[in-house]
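A short worksheet on the structure shown next.
As the structure lists them, so they are numbered: ligands from 1, and atoms in each ligand from 1.
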Amino acid sequence: MSQQQDNLKTHHEVLKLMGSRFEITAISEKEALAVQAVKAGIDEIRRIEKLISSWDPASQTSEVNRQAGIKPVAVDQELFDLINRAKKISTLTDGAFDISYASMDKIWKFDGSMKTLPDPDLVKNSVARIDFKNIMLDPEKGTVFLKEKGMKIGFGAIGKGYAANKAKSIMLSLGIQNGLVNAGGDLIAWGKKADGSDWQIGIANPKDKEGIFSWLTINEMAVVTSGDYERFVMFDGKRYAHIIDPRTGYPVSETKSVTIICPDAELADALATSVFVLGEKQGLNLINQLKGIECLIVNKDDEIKTSDNLDLNYYRKK
Ligand code: AMP
Ligand code: MG
């Protein structure tokens, strides 16, 4: 779909990538360039998916998982660096964020195939496999080694943000000064809209759906939300959602959603998941210590809590 506003043209495509709905927008005076840039962004996301997907047996990530406890695997510098950054987030969050959470994949399934709660002993055994300190990186050899048998890594909490960053970079390098990549609700925007106004992101207030609505005006920003409750299972009336506390092996259910706002989509993605695990108090405490990163939490009582410097706009519906 293309449309013209003043002399700027917007090209926009919606498609399924990485198992989610992606929306890619490029704005340029040259329509052909906008079309080419969106295509380049899509190709880039497909390339990244091939590298990091843990369910594609042909990916390097799957090979690392197959060789857990057996031997180190040589990987592309790109994957090596992504794992290295993920480990830094683990250190920063005291292990709340941990890509080796994925050993729990065999226990918690959110595709409808789980019929009962898992055996607590099974949970205990699997949670023992989670430890980012056992993801061994050798920078000289360019290898990754998961030290324990049964360990597994997965990029569900950081991959979409990474892909959004990379799609933006490639579009920018082609000369797209204004654009937006929305990776299943995790988005990054740069420049302005075709009509010259800033990008705006609306945030519904769950407690007051009819009354107050808030929004953020952003440019050069990523806005990423975790825990939207799209993926969960129910047992005995209790909801078990897809973010796992690496300390217990059980899904976290204290918070409804966490939105992180910062210039980098990968960091926003990782921190949204982290704050979800850490919970309201510890999570806000962490974000308030990080410069240029803001946070909005919907807690279990449907109250909105924000970090100290979040610049939200409010609008009261009549
Ligand atoms: P997000 O929507 O970015 O919060 O990512 C949630 C996804 O991250 C889940 O579906 C899992 O694939 C993965 N995940 C779950 N728990 C964790 C955790 N504690 N650390 C890192 N990744 C996780
Ligand atoms: Mg995330």
Does [X] reach ligand 1 with a nitrogen or oxygen that is under 3.5 Å from one of the ligand's nitrogen or oxygen atoms?
| X | value |
| --- | --- |
| Ala96 | yes |
| Ala157 | yes |
| His242 | yes |
| Ile244 | yes |

What's the shortest distance from [atom] to any protein heavy atom, and which residue and atom give it?
| atom | value |
| --- | --- |
| atom 4 (O) of ligand 1 | Ser226 OG, 2.4 Å |
| atom 3 (O) of ligand 1 | Asp269 OD1, 2.8 Å |
| atom 20 (N) of ligand 1 | Asp98 N, 3.0 Å |
| atom 11 (C) of ligand 1 | Tyr101 OH, 3.2 Å |

Heavy-atom contacts with [X] under 4.0 Å: which atoms of ligand 1 show up? List them by number with element.
| X | value |
| --- | --- |
| Pro246 | 19 (N) |
| Phe97 | 20 (N), 21 (C) |
| Gly156 | 3 (O), 5 (O), 7 (C), 8 (O), 12 (O) |
| Thr273 | 1 (P), 3 (O), 4 (O), 5 (O) |

Decide, yes or no, whether a salt bridge links [X] with [Y] under the criterion of side-chain N to carboxylate O below 4.0 Å.
| X | Y | answer |
| --- | --- | --- |
| Arg247 | Asp245 | yes |
| Lys256 | Asp302 | yes |
| Asp81 | Arg85 | no |

Can you list the steps and then say if Val224 with Leu187 is a side-chain contact (heavy atoms from CB on, under 4.5 Å)? CA-CA 6 Å; Val224 175; Leu187 62 88; over 6 Å; no

Looking at Tyr240, I'd like to know if the NZ or CZ of Lys238 sits under 6.0 Å from its six-membered ring centre while staying within 45 degrees of the ring's axis.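 That pair qualifies as a cation-pi contact.
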
Gap between atom CD1 of Ile107 and atom CG of Leu117 - 0.5 Å precision: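 Between atom CG of Leu117 and atom CD1 of Ile107 there are 12.0 Å.
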
Among the heavy atoms of Ala272, does any lie under 4.0 Å from an atom of ligand 1?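 So Ala272 does not count as touching ligand 1.
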
For His11, which of Val35, Ile176, Ile24, Leu33 qualifies under side chain to side chain contact (heavy atoms under 4.5 Å, CB included)?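 Result: among Val35, Ile176, Ile24, Leu33, Val35 is the only option passing the side chain to side chain contact (heavy atoms under 4.5 Å, CB included) with His11.
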
Can you tell which of Ile188, Thr25, Ile218 makes a side chain to side chain contact (heavy atoms under 4.5 Å, CB included) with Leu180?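 Testing each of Ile188, Thr25, Ile218 against Leu180, the sole residue satisfying side chain to side chain contact (heavy atoms under 4.5 Å, CB included) is Thr25.
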
Any N/O/S atom, backbone or side chain, of Asp269 lying under 2.8 Å from the Mg ion (ligand 2)?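 It does: Asp269 brings an N, O or S atom closer than 2.8 Å to the Mg ion (ligand 2).
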
Taking a hydrophobic cluster as the set of Ile, Leu, Val, Met, Phe, Trp and Tyr residues connected by side-chain heavy atoms closer than 4.5 Å, whether directly or through intermediates, do Ile244 and Ile89 fall within one such cluster?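 No, because Ile244 and Ile89 fall into different hydrophobic clusters, even though each may have its own neighbours under 4.5 Å.
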
Arg47/Glu44 under salt bridge (charged side-chain N to carboxylate O under 4.0 Å, His left out): CA gap, chis, key distance, verdict: CA-CA 5 Å; Arg47 186 189 66 75; Glu44 178 68 351; 3.1 Å; yes

Mind reading off the angle at the Mg ion (ligand 2) between the OG1 atom of Thr273 and the O atom of Ala157, rounded to 10°?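 Vertex the Mg ion (ligand 2), arms to OG1 of Thr273 and O of Ala157: 100°.
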
